[in-house]
Amino acid sequence: MQSELNLNVRPRRLRLNSIMRQSLQSVTLQRRHIIVPVFVCEGQKVRRPVASMPGIDQMSVDVAGDYLAGLAEKGFGAYIVFGVIDHEKKDDKGSPALDENNVVCRLFRETKHRKLPMLAVSDLCFCEYTSHGHCGVMTSDGATVANDVTVERLVWQAVSHAKAGADVIAPSGMMDGTVGALRGGLDAAGFADVAVLSYSVKYASGFYGPFRDAAGSTPAFGDRRSYQMDPARDAREAILEAKLDVEQGADMVMVKPAGPYLDIIAAVRREVNVPVVAYQVSGEYSMIEAAARNGWIDRDRVVLESLIAIRRAGADMVISYFADALAKLVP
Ligand code: PBG
């Protein structure tokens with residue numbers, strides 16, 4: 001005999017059959033939503049694995065060009081480039097950042113020359129170029145990064161990236177007033193059509209550890225807490241940062257990291273009317289990758305789940321290191 005509850009609503013009805021389940025999916029994830037990070041270094045035919053990010057390599061300009069051409073063919077629509085600079089070239093002001101012939105500018109020229117149908121995004125910051133590894137010029141007492149002189153130098157860096165072919169400039173240094181200064185500087189230099197994607201909401205996060213290994217940008221002393229945000233502040237600070245950047249002319253805003261900050265992505269999404277990008281950072285990548293390599297989790301499932309969650313929270317696009325996995329998983 002069958003015992004029956006008298007239920008009007010049985011949510012499981014919509015889960016019982018796979019066609020039903022698929023038809024009801026409203027959150028999508030496609031290759032065109034992904035911005036692919038690349039670490040570009042000096043040399044030729046160089047492909048150097050990053051120990052703390054298994055599956056990710058530093059690449060010389062020629063190798064990175066081939067790699068990106070392959071991804072463009074598969075339908076990935078954007079890349080963001082980080083320069084790996086030889087240590088001897090770095091100084092306390094980050095001078096190699098302003099060299100129009102550095103690896104970052106060379107990669108922009110290379111992908112434009114190849115006419116890759118991909119947006120070229122430039123991570124605008126000094127931490128990869130300074131001998132001390134901080135995100136700009138230090139104050140005279142060495143206590144923190146000097147805001148206004150750093151902003152001035154960021155404008156020069158942005159113009160050199162735009163000249164080399166960057167379509168989108170993404171300032172990641174968390175200096176106040178960066179976006180307004182960049183917009184003015186880019187316009188004055190004839191680059192009114194170059195977009196600004198601001199890393200508006202960037203937390204001082206332990207999840208960046210593997211990246212600093214990949215980009216050689218670990219601070220030689222101290223940490224970034226005097227310019228990056230405190231994870232223990234609530235969403236109102238994030239909203240303030242995002243709105244300030246939109247007022248100054250940001251075309252898009254970013255939240256970073258992504259997975260542990262879904263509440264922040266959702267809050268920013270509600271409060272601004274420009275596209276929101278989220279950055280699934282190196283530590284998020286390496287944790288999933290390490291567990292998968294140990295056989296503790298199913299990589300494909302977790303990669304998809306982690307990225308769907310970020311899209312569900314409200315991200316229009318996601319910077320993610322999982323391009324190779326996604327090329328097999330999503331259209
Ligand atoms: C700064 C920058 C960082 C990351 C992206 N841009 C490092 C930092 O702020 O310390 C981290 C990204 C990641 O962890 O994947 N140029």
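Numbering of ligands and ligand atoms starts at 1, following listing order.
Numbered from 1 in the order shown, with element, the atoms of ligand 1 that lie under 4.0 Å from a heavy atom of C127 read 1 (C), 16 (N). Residue E128 has at least one heavy-atom neighbour below 4.0 Å for each of these atoms of ligand 1: 16 (N). Taking a cut-off of under 4.0 Å to the non-hydrogen atoms of F82, the atoms of ligand 1 that pass are 5 (C), 6 (N). Close approach to R224 involves these atoms of ligand 1, each under 4.0 Å from a residue heavy atom: 8 (C), 9 (O), 10 (O).
Contacts between Y285 and ligand 1, counted as non-hydrogen atom pairs separated by less than 4.0 Å, are absent for every part of the residue. With a 4.0 Å cut-off on non-hydrogen atoms, S282 touches ligand 1 through its backbone as well as its side chain.
There is no side-chain donor-acceptor pair under 3.5 Å between S286 and Y321. In this model, a donor atom of one side chain and an acceptor atom of the other lie less than 3.5 Å apart for D123 and Y199. Using modelled atom types and a 3.5 Å distance limit, the side chains of E284 and S306 yield no donor-acceptor pair.
With hydrogens left out, the protein atom closest to atom 10 (O) of ligand 1 is R212 NH2, 2.5 Å, a heavy atom. Among protein heavy atoms, atom 16 (N) of ligand 1 sits closest to D123 OD2, 3.0 Å. Protein heavy atom nearest atom 9 (O) of ligand 1, with residue, atom name and distance: K202 NZ, 2.7 Å. When hydrogens are left out, the protein atom nearest atom 4 (C) of ligand 1 is K256 NZ, 2.7 Å; that is the closest non-hydrogen contact.
The closest approach between any non-hydrogen atom of Q280 and ligand 1 is not below 4.0 Å.
Evaluation of the side chain to side chain contact (heavy atoms under 4.5 Å, CB included) rule for R32 yields Q30 as partners, not counting sequence neighbours. Looking at residues two or more places apart in sequence or on another chain, you find a ring pair (Phe, Tyr, Trp, His ring centres under 6.0 Å) between F211 and F39, F82.
Ring geometry for F126 against Y129 counts as perpendicular: the plane angle is over 60°, on a 0 to 90° scale with 30° as the lower cut. Relative ring orientation between F108 and H161 is described as perpendicular, the plane-to-plane angle rising above 60° on a 0-90° scale split at 30° and 60°.
Relative to atom 15 (O) of ligand 1, the option among Y227, Y203, Y321 with the closest non-hydrogen atom is Y321.
The two residues A278 and A315 have their closest heavy-atom pair at CB-CB, 3.9 Å.
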